[in-house]
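Some notes on the structure that comes next.
For the single chain, residues carry numbers from 1 onward in sequence order. The model shown is predicted, which means the values in this text are computed figures rather than measured ones.
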Amino acid sequence: MKRLLLTSFAALLITANVFAGSGGPDAYGYTWRDNLEVNGPTYNWIDIISRPGSTLVENLSDDNTEGPFQMTFDFHFYWYDVNQFWIGSNGYIIFQNGQMSAPFPYIPSASQPQNFLAAMASDLNFDGPGNTAQCFYWRSPAMDTLVVSWLNVPFWDPTPPNYYQGTNSFQII
């Protein structure tokens with residue numbers, strides 16, 4: 001069984017209790033728990049930049065997606081399985097072609113889009129001179145783990161603070 005582990009130094013969680021360490025179940029029985037909770041996942045940060053097979057995602061700009069990219073395994077997401085994804089410039093992956101921009105929808109939502117995962121759904125900026133923003137994805141040699149990292153991506157709004165420190169990543173394990 002594949003598990004989803006969402007890790008971030010600066011993840012923005014839009015929930016009834018922003019500081020909750022766990023939640024759910026939702027209407028489909030899904031729950032979430034962070035690594036600080038009893039029986040939570042073991043924190044295991046995977047730095048993919050220097051790993052063989054790490055792929056730079058080219059052509060991300062303002063409010064766009066790139067893909068599709070293959071997962072090389074089936075990931076059960078709510079009521080269906082997915083094996084490809086698109087990477088959004090605003091800190092999310094989506095399982096069908098499409099893009100999202102501010103204001104971002106809640107997860108889950110009765111309206112579209114419903115099939116995305118967001119580490120940092122914010123108005124991020126890959127454009128402009130001197131911008132060092134990068135995005136990479138990596139699949140494990142066993143083809144059972146997918147990690148997507150957004151690095152040094154500033155917020156679109158130039159009003160300080162307009163950056164975050166660290167890396168926001170999805171880890172689908």
Legend entry - Phe126: ring-ring contact (aromatic ring centres under 6.0 Å, His included) partners, not counting sequence neighbours: none
Inset, instruction - Before giving the answer on side chain to side chain contact (heavy atoms under 4.5 Å, CB included), spell out for Asp62 and Asp123 the whole-Å C-alpha distance, their side-chain angles and the decisive distance to 0.1 Å. - result: CA-CA 8 Å; Asp62 184 33; Asp123 200 3; 4.1 Å; yes
Inset, instruction - Could you tell me whether Phe116 and Phe95 have their ring centroids closer than 6.0 angstrom? - result: no
Inset, instruction - Might you point out which heavy atoms bring Asp81 and His76 nearest each other, and give the distance in Å? - result: OD1-ND1, 2.7 Å
Inset, instruction - Output yes when a side-chain donor or acceptor of Arg139 lies under 3.5 Å from a complementary backbone atom of Thr145, and no otherwise. - result: no
Legend entry - Side-chain heavy-atom pair Phe85, Leu117 within 4.5 angstrom cut-off: no
Legend entry - Trp86 vs Phe69, side chain to side chain contact (heavy atoms under 4.5 Å, CB included): CA-CA, chis, key distance, verdict: CA-CA 6 Å; Trp86 285 256; Phe69 304 106; 5.9 Å; no
Inset, instruction - State, to 0.1 Å, how close Leu124 and Gly91 come at their nearest heavy-atom pair, and which atoms those are. - result: CD1-N, 3.9 Å
Inset, instruction - Check whether any side-chain heavy atom of Asn90 sits under 4.5 Å from a side-chain heavy atom of Ser101, and report yes or no. - result: yes
Inset, instruction - Identify the two heavy atoms, one from Val148 and one from Cys135, that lie closest to each other, and give their separation to 0.1 Å. - result: CG1-SG, 4.0 Å
Inset, instruction - Look at the aromatic rings of Phe77 and Tyr80 and report parallel, tilted or perpendicular, splitting at 30° and 60°. - result: perpendicular
Inset, instruction - Could you grab the distance from atom CE of Met71 to atom CD1 of Ile93, nearest 0.5 Å is fine? - result: 5.0 Å
Inset, instruction - Assess the pair Trp79 and Tyr28: is the distance between their ring centroids shorter than 6.0 Å? - result: yes
Legend entry - side chain to side chain contact (heavy atoms under 4.5 Å, CB included) evaluation trace for Thr65 with Ile87: CA-CA 5 Å; Thr65 57; Ile87 296 175; over 6 Å; no
Atom pairs and distances, side-chain donor-acceptor, residues 52-59, under 3.5 Å, sequence neighbours left out:
| unit_1 | atom_1 | unit_2 | atom_2 | d |
| --- | --- | --- | --- | --- |
| Ser54 | OG | Ile48 | O | 3.1 |
| Thr55 | OG1 | Gly53 | O | 3.3 |

Inset, instruction - Without swapping roles, check the side chain of Asn64 against the backbone of Ser61 for a donor-acceptor pair under 3.5 Å. - result: yes
Legend entry - Distance (rounded to the nearest 0.5 Å) between Ser22 OG and Leu36 CG: 11.0 Å
Inset, instruction - For the residue pair Asn125 and Phe155, establish whether any side-chain heavy-atom pair is separated by less than 4.5 Å. - result: no
Legend entry - Between OG on residue Ser122 and OH on residue Tyr92, distance to nearest 0.5 Å: 12.0 Å
Legend entry - Any side-chain heavy-atom pair of Val147 and Ser149 under 4.5 Å: yes
Inset, instruction - With sequence neighbours left out, write down each residue that passes side chain to side chain donor-acceptor pair (under 3.5 Å) with Gln96, or none if nothing qualifies. - result: Asn115
Inset, instruction - Test Trp138 against Leu146 for side chain to side chain contact (heavy atoms under 4.5 Å, CB included), laying out the working first. - result: CA-CA 6 Å; Trp138 173 80; Leu146 167 69; over 6 Å; no
Inset, instruction - Say whether Tyr78 and Asp26, considering side chains only, have a donor N or O and an acceptor N or O under 3.5 Å apart. - result: yes
Legend entry - Heavy-atom pair with the smallest gap, counting every atom of Asp63 and Gln99: O-OE1, 3.1 Å
Inset, instruction - First locate atom CZ of Phe136, then atom CG of Asp47, and finally report the distance between them rounded to the nearest 0.5 Å. - result: 10.0 Å
Legend entry - Nearest heavy atoms of Gly24 and Thr31, plus distance in Å: C-CG2, 4.1 Å
Inset, instruction - For Arg51 and Ile46, work out which heavy atoms get closest and say how close. - result: NE-CG2, 3.5 Å
